[in-house]
There are 2 protein chains.
Amino acid sequence: MKLSTTSQYAIRVMIFISQNSDIKIFHAKEISEKLSIPYKYLTKIMSKLVEANIITSTRGREGGYSIAKKSVNIKMIDLVKAVDDSLHDTTCVLGIGLCNENKKCALHDEWREPKESMLNMFCNTTLKDVSEEAS
Amino acid sequence: MKLSTTSQYAIRVMIFISQNSDIKIFHAKEISEKLSIPYKYLTKIMSKLVEANIITSTRGREGGYSIAKKSVNIKMIDLVKAVDDSLHDTTCVLGIGLCNENKKCALHDEWREPKESMLNMFCNTTLKDVSEEAS
DNA sequence: TTTTAATTCTATATTAAAGTAGTAATTAAA
DNA sequence: TTTAATTACTACTTTAATATAGAATTAAAA
Ligand code: SF4
Ligand code: SF4
């Protein structure tokens, strides 16, 4: 019961970028080393974040990545959706999902609460929330 | 954010067996067909359930599988742990897990509630709860 | 005792995620 | 204009989960 490695990487990258707002541009090499994420794998993830308009990239010499909007406007769910949507709502814990409200197994309702609670966490938490040290 | 296919299969098998308590012995072929689970994959899972003393097996002609204890005494977490522990407690949503109570990211606490809520669901729900039609 | 129907064991195949490699494209500095 | 530093693209490799195949083992029925 965890996020994919890809999603975890994406979140860690964004936290890193957000926490170093004095730095305006980040290089893949630098991020890769600082966060111990395989370089080539990282660049793939960065491209997805660019595609999703969360990161702006500048190619060529003196290029790099920078954050595309304020961290308060980036929801955690956006990050996950941008890279692999590994917490895509599954509705059914058993992977069936065909039952309806009238005929359902006990897990259906049991599962709903924690699932929604988890989804809400990603929908209602912004990158800013996560990046700021808990007071 | 879902259970592994293996865990889903295990749960579905146990619900099926529990809901058909008039039948005393089940054959792999029968379960496989009824639940559309690949035969050979199913038998592997059954072996794990046998190993975990959740299922009793009888080899040879007229053999098969039967439930080893009352469904009220089988926790859902036991099923998952028996086959692949796919909801093994991850502590850290980012796969780092080295931070402590004094230095932690915002996700640490955000994550705790839904995670524990989900884990509790599997610890406190028995196969009986899940097998009985919601009233 | 032989046959048959079942589980169990060992090995292999397929698939998707994770990770790696090399080249192309871009851009600014030299 | 050449070179160096960067991201983007395309293809391949590795790994782990899922799935399949076939032979070995067991035990009751015939
Ligand atoms: S009732 Fe149970 S099996 Fe059916 S969709 Fe809901 S969780 Fe899945
Ligand atoms: S503080 Fe954040 S990164 Fe550290 S263990 Fe907790 S969830 Fe993981």
Side-chain angles (χ1 to χ4, degrees), chain A residues 1-13 17 23-68 80 82-88 94-95, chain B residues 1-13 17 23-68 80 82-88 94-95:
Chain A
M1 200 58 54
K2 58 177 179 46
L3 291 179
S4 66
T5 302
T6 303
S7 284
Q8 292 183 342
Y9 285 168
I11 294 173
R12 285 170 52 199
V13 167
I17 290 178
I23 305 176
K24 292 306 170 203
I25 201 154
F26 297 82
H27 309 299
K29 186 160 173 290
E30 175 190 12
I31 299 173
S32 161
E33 286 170 359
K34 284 271 173 52
L35 302 184
S36 301
I37 298 174
Y39 177 82
K40 289 288 192 176
Y41 196 16
L42 172 71
T43 59
K44 272 203 223 175
I45 294 172
M46 295 313 287
S47 294
K48 289 180 184 170
L49 293 172
V50 168
E51 174 71 19
N53 296 310
I54 292 166
I55 287 288
T56 302
S57 72
T58 314
R59 293 172 68 158
R61 187 163 176 155
E62 305 287 290
Y65 301 106
S66 44
I67 196 163
V80 176
V83 296
D84 69 355
D85 204 7
S86 63
L87 50 80
H88 174 73
L94 299 185
Chain B
M1 198 60 52
K2 58 177 180 46
L3 291 179
S4 66
T5 302
T6 303
S7 285
Q8 292 183 342
Y9 285 169
I11 294 173
R12 284 171 53 199
V13 167
I17 291 179
I23 305 178
K24 291 306 171 203
I25 201 156
F26 297 82
H27 309 300
K29 185 158 173 294
E30 175 190 13
I31 300 172
S32 160
E33 287 169 357
K34 283 270 172 53
L35 303 185
S36 302
I37 298 173
Y39 177 82
K40 288 289 190 174
Y41 195 17
L42 173 71
T43 60
K44 272 204 220 173
I45 294 173
M46 295 312 287
S47 293
K48 288 181 184 170
L49 293 171
V50 168
E51 175 70 19
N53 296 309
I54 291 166
I55 286 289
T56 302
S57 71
T58 313
R59 293 171 69 156
R61 186 165 179 157
E62 307 287 290
Y65 301 105
S66 45
I67 196 163
V80 176
V83 295
D84 70 355
D85 205 7
S86 63
L87 50 80
H88 174 73
L94 300 185

Approximate separation, where rounding is to 0.5 Å, of [X] [atom1] and [Y] [atom2]:
| X | Y | atom1 | atom2 | value |
| --- | --- | --- | --- | --- |
| B/Phe26 | B/Ser57 | CZ | OG | 14.5 Å |
| B/Ile37 | B/Thr5 | CD1 | OG1 | 10.5 Å |
| B/Ile17 | B/Ser66 | CD1 | OG | 8.0 Å |
| B/Tyr65 | B/Glu30 | OH | CD | 12.0 Å |
| B/Arg12 | B/Ile31 | CZ | CD1 | 12.0 Å |
| A/His88 | B/Lys2 | NE2 | NZ | 10.5 Å |

**OP:** Kindly state which residues belonging to residues 24-39 of chain A come within less than 4.0 angstrom of DNA chain D, counting heavy atoms of the residue only, listed by number.
**Re:**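 Result for residues 24-39 of chain A: A/Phe26, A/His27, A/Ala28, A/Tyr39, sorted by number.
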
How long is the line joining [atom1] of [X] and [atom2] of [N], in whole Å?
| X | N | atom1 | atom2 | answer |
| --- | --- | --- | --- | --- |
| B/Lys48 | C/dT7 | NZ | P | 17 Å |
| B/Glu51 | C/dT7 | CD | P | 17 Å |
| A/Glu62 | C/dA30 | CD | P | 8 Å |

**OP:** Check side chain to side chain contact (heavy atoms under 4.5 Å, CB included) between B/Lys29 and all other residues, then give those that pass, not counting sequence neighbours.
**Re:**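 Testing B/Lys29 for side chain to side chain contact (heavy atoms under 4.5 Å, CB included), a comparison that skips the adjacent residues, returns B/Glu33, B/Tyr39.
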
Subject >> B/His27 side chain to B/Gly63 backbone, donor-acceptor under 3.5 Å >> reply: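 Checking the backbone N and O of B/Gly63 against the side chain of B/His27, a donor-acceptor pair under 3.5 Å is found.
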
**OP:** Please confirm whether the backbone N or O of B/Leu3 pairs with a side-chain atom of B/Ser86, one donor and one acceptor, at under 3.5 Å?
**Re:**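 Checking the backbone N and O of B/Leu3 against the side chain of B/Ser86, no donor-acceptor pair under 3.5 Å is found.
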
Strictly under 3.5 Å: I want the nitrogen or oxygen pairs between protein and nucleotides 9-17 of chain C, one per line.
none

Original post:
On DNA chain D, which is the earliest and which the latest nucleotide, 5' to 3', with an atom closer than 4.0 Å to a heavy atom of chain B?
Top reply: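 The footprint of chain B covers D/dT18 to D/dA29.
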
Throw together a table of side-chain donor-acceptor distances under 3.5 angstrom for residues 40-49 of chain A, partners on residues two or more places apart or in other chains.
| unit_1 | atom_1 | unit_2 | atom_2 | d |
| --- | --- | --- | --- | --- |
| A/Tyr41 | OH | A/Thr6 | OG1 | 2.5 |
| A/Thr43 | OG1 | A/Lys40 | O | 2.9 |
| A/Ser47 | OG | A/Thr43 | O | 3.1 |
| A/Lys48 | NZ | A/Val83 | O | 3.3 |

Original post:
What do you reckon, is CD of B/Glu51 surrounded by more than 12 foreign heavy atoms closer than 6.0 Å?
Top reply: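 No, the 6.0 Å shell around CD holds no more than 12 heavy atoms from other groups.
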
Original post:
What heavy-atom pair brings A/Thr58 and A/Ile25 nearest, and what distance separates the two atoms?
Top reply: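 Nearest pair, atom of A/Thr58 first, then A/Ile25: OG1-CD1, 4.2 Å.
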
**OP:** Return the angle between end axes of the helix from C/dT1-D/dA30 to C/dA30-D/dT1, with five pairs used per end and rounding to 10°.
**Re:**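 What I find for the helix from C/dT1-D/dA30 to C/dA30-D/dT1 is an axis angle of 20°.
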
Original post:
Taking side chain as C-beta onward, heavy atoms only, is A/Val80 less than 4.5 Å from A/Ile11?
Top reply: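 A/Val80 vs A/Ile11: side chains touch.
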
